[in-house]
Asker: 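Structure below; questions to follow.
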Amino acid sequence: TSYSISEYGDFTNHVFLFSTTETYETGRGVAATVGYAYEQQSQLTYDSKSSTFVQVRWVRQVLRSGTLDLNVKQSWESYSGYQADVERSEAGALFAYQIGRISLSADYRLTYETRELSRFLSQAAFFRVARPF
């Protein structure tokens, strides 16, 4: 929980934030997380915002020197003012492999977001090779 005041000239904004997150791990590479946040502001186009999310993550060692990390997340943002509510679905996969001192990784991320009158799809892929000197 936090409270802050921002002042600039005759502009003053009061912000109250409360958030909580709980994680459950199975010990077999699976973790489930739920979270909630509430934000109250005095000078923005919305009076308050509530955010909720659920996330599941699975990490597994594959091959001899490789790791696979998969995760999915669903989140909801609800606004009490003029801003449209947001529903967001996210997924990701990361594969990392170590060959001696060289580290190879491939990362894929997908985000699908819906608002009142719009939809947004984002996909990103990253490939990285690193070696410490």
Side-chain angles (χ1 to χ4, degrees):
T1 302
S2 68
Y3 176 78
S4 64
I5 299 174
S6 302
E7 292 184 17
Y8 180 75
D10 62 350
F11 174 81
T12 302
N13 187 30
H14 302 269
V15 179
F16 169 74
L17 175 66
F18 168 79
S19 66
T20 183
T21 302
E22 295 296 326
T23 301
Y24 174 74
E25 295 186 27
T26 65
R28 297 177 183 238
V30 178
T33 305
V34 296
Y36 174 78
Y38 176 80
E39 182 179 338
Q40 176 87 32
Q41 298 204 22
S42 63
Q43 295 292 329
L44 294 179
T45 58
Y46 62 89
D47 295 327
S48 65
K49 173 177 97 169
S50 295
S51 303
T52 307
F53 76 89
V54 176
Q55 180 175 7
V56 176
R57 182 175 182 202
W58 180 66
V59 179
R60 175 90 179 190
Q61 183 173 353
V62 291
L63 304 172
R64 174 174 258 180
S65 301
T67 304
L68 182 62
D69 182 348
L70 303 173
N71 67 68
V72 292
K73 181 179 180 181
Q74 182 68 40
S75 61
W76 301 268
E77 295 175 7
S78 177
Y79 297 88
S80 66
Y82 300 106
Q83 192 166 341
D85 293 348
V86 178
E87 183 176 333
R88 186 176 297 115
S89 302
E90 301 171 73
L94 171 66
F95 178 72
Y97 192 76
Q98 189 81 28
I99 302 172
R101 294 179 66 181
I102 297 173
S103 177
L104 308 169
S105 66
D107 191 1
Y108 175 75
R109 301 285 172 206
L110 175 103
T111 302
Y112 182 71
E113 183 177 292
T114 58
R115 293 178 186 257
E116 190 173 294
L117 299 173
S118 64
R119 294 188 171 117
F120 175 72
L121 176 65
S122 171
Q123 299 180 60
F126 302 97
F127 302 96
R128 182 180 9 207
V129 177
R131 181 185 182 281
F133 291 98

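Everything quoted here is computed from the prediction, not taken from an experiment.
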Asker: Same hydrophobic cluster for Leu70 and Phe95, using side-chain heavy-atom links shorter than 4.5 Å among ILVMFWY?
Answerer: yes
Asker: Rounded to the nearest 0.5 Å, what separation is found between the OG atom of Ser118 and the CD atom of Glu113?
Answerer: 7.5 Å
Asker: Rounded to the nearest 0.5 Å, what separates atom CG in Leu104 from atom OH in Tyr97?
Answerer: 9.0 Å
Asker: If we only count heavy atoms from C-beta on, is the Glu77 to Arg88 side-chain gap below 4.5 Å?
Answerer: yes
Asker: Looking at Gln123, I want to see if its CD is surrounded by more than 12 non-hydrogen atoms of other residues, nucleotides or ligands under 6.0 Å.
Answerer: yes
Asker: Return yes when atom CZ of Arg101 has more than 12 non-hydrogen atoms of other residues, nucleotides or ligands closer than 6.0 Å, and no otherwise.
Answerer: yes
Asker: Could you pull out the closest heavy-atom pair between Gln74 and Ser89, with the gap in Å?
Answerer: OE1-OG, 2.6 Å
Asker: How about Glu25: does its CD atom have over 12 heavy atoms from other parts shown lying under 6.0 Å from it?
Answerer: no
Asker: Just wondering, more than 12 heavy atoms not from Glu22 lying within 6.0 Å of its CD?
Answerer: no
Asker: So with a 6.0 Å cut-off around OH of Tyr3, is the heavy-atom count from everything else above 12?
Answerer: yes
Asker: Taking only residues two or more places apart in sequence, or in another chain, which ones meet Phe127 in a side chain to side chain contact (heavy atoms under 4.5 Å, CB included)?
Answerer: Ala106, Ala125
Asker: Where the side chain of Asp85 meets the backbone of Tyr79, is there a donor-acceptor pair that is under 3.5 Å apart?
Answerer: yes
Asker: How close do Arg115 and Ala84 get, counting heavy atoms only, and between which atoms?
Answerer: NH1-O, 4.3 Å
Asker: Are more than 12 heavy atoms from other residues, nucleotides or ligands located less than 6.0 Å from atom CZ of Arg128?
Answerer: no
Asker: Does any non-hydrogen side-chain atom of Tyr24 lie less than 4.5 Å from one of Val34?
Answerer: no
Asker: So, for Ala93 and Asp107, which heavy atoms are closest and what is the spacing to 0.1 Å?
Answerer: O-OD1, 3.1 Å
Asker: Provide the closest heavy-atom pair for Ser19 versus Ala37 in the form atom of the first, atom of the second, distance.
Answerer: CB-CB, 3.9 Å
Asker: Under 4.5 Å between any side-chain heavy atoms of Thr21 and Phe53, yes or no?
Answerer: yes
Asker: Within the 4.5 Å heavy-atom criterion, are Leu110 and Leu121 side-chain neighbours or not?
Answerer: yes
Asker: Measure the shortest side-chain to side-chain distance between Trp76 and Val86 over non-hydrogen atoms and say whether it is less than 4.5 angstrom.
Answerer: no
Asker: Main chain of Ser48, side chain of Ser80: is a donor-acceptor contact present, judged purely on distance under 3.5 Å?
Answerer: yes
Asker: For a 4.5 angstrom cut-off between non-hydrogen side-chain atoms, does Thr114 reach Tyr112?
Answerer: yes
Asker: If you count every heavy atom of other residues, nucleotides or ligands that lies below 6.0 Å from Phe16 atom CZ, does the total exceed 12?
Answerer: yes
Asker: For the pair Arg109 and Asn71, evaluate side-chain contact (heavy atoms from CB on, under 4.5 Å) and give the outcome as yes or no after the intermediate values.
Answerer: CA-CA 10 Å; Arg109 301 285 172 206; Asn71 67 68; 3.2 Å; yes
Asker: Would you say the side chain of Ile99 lies within less than 4.5 Å of the side chain of Ser65, judging by non-hydrogen atoms?
Answerer: no
Asker: Contact between Leu17 and Lys49 at the side-chain level, heavy atoms closer than 4.5 Å - yes or no?
Answerer: no
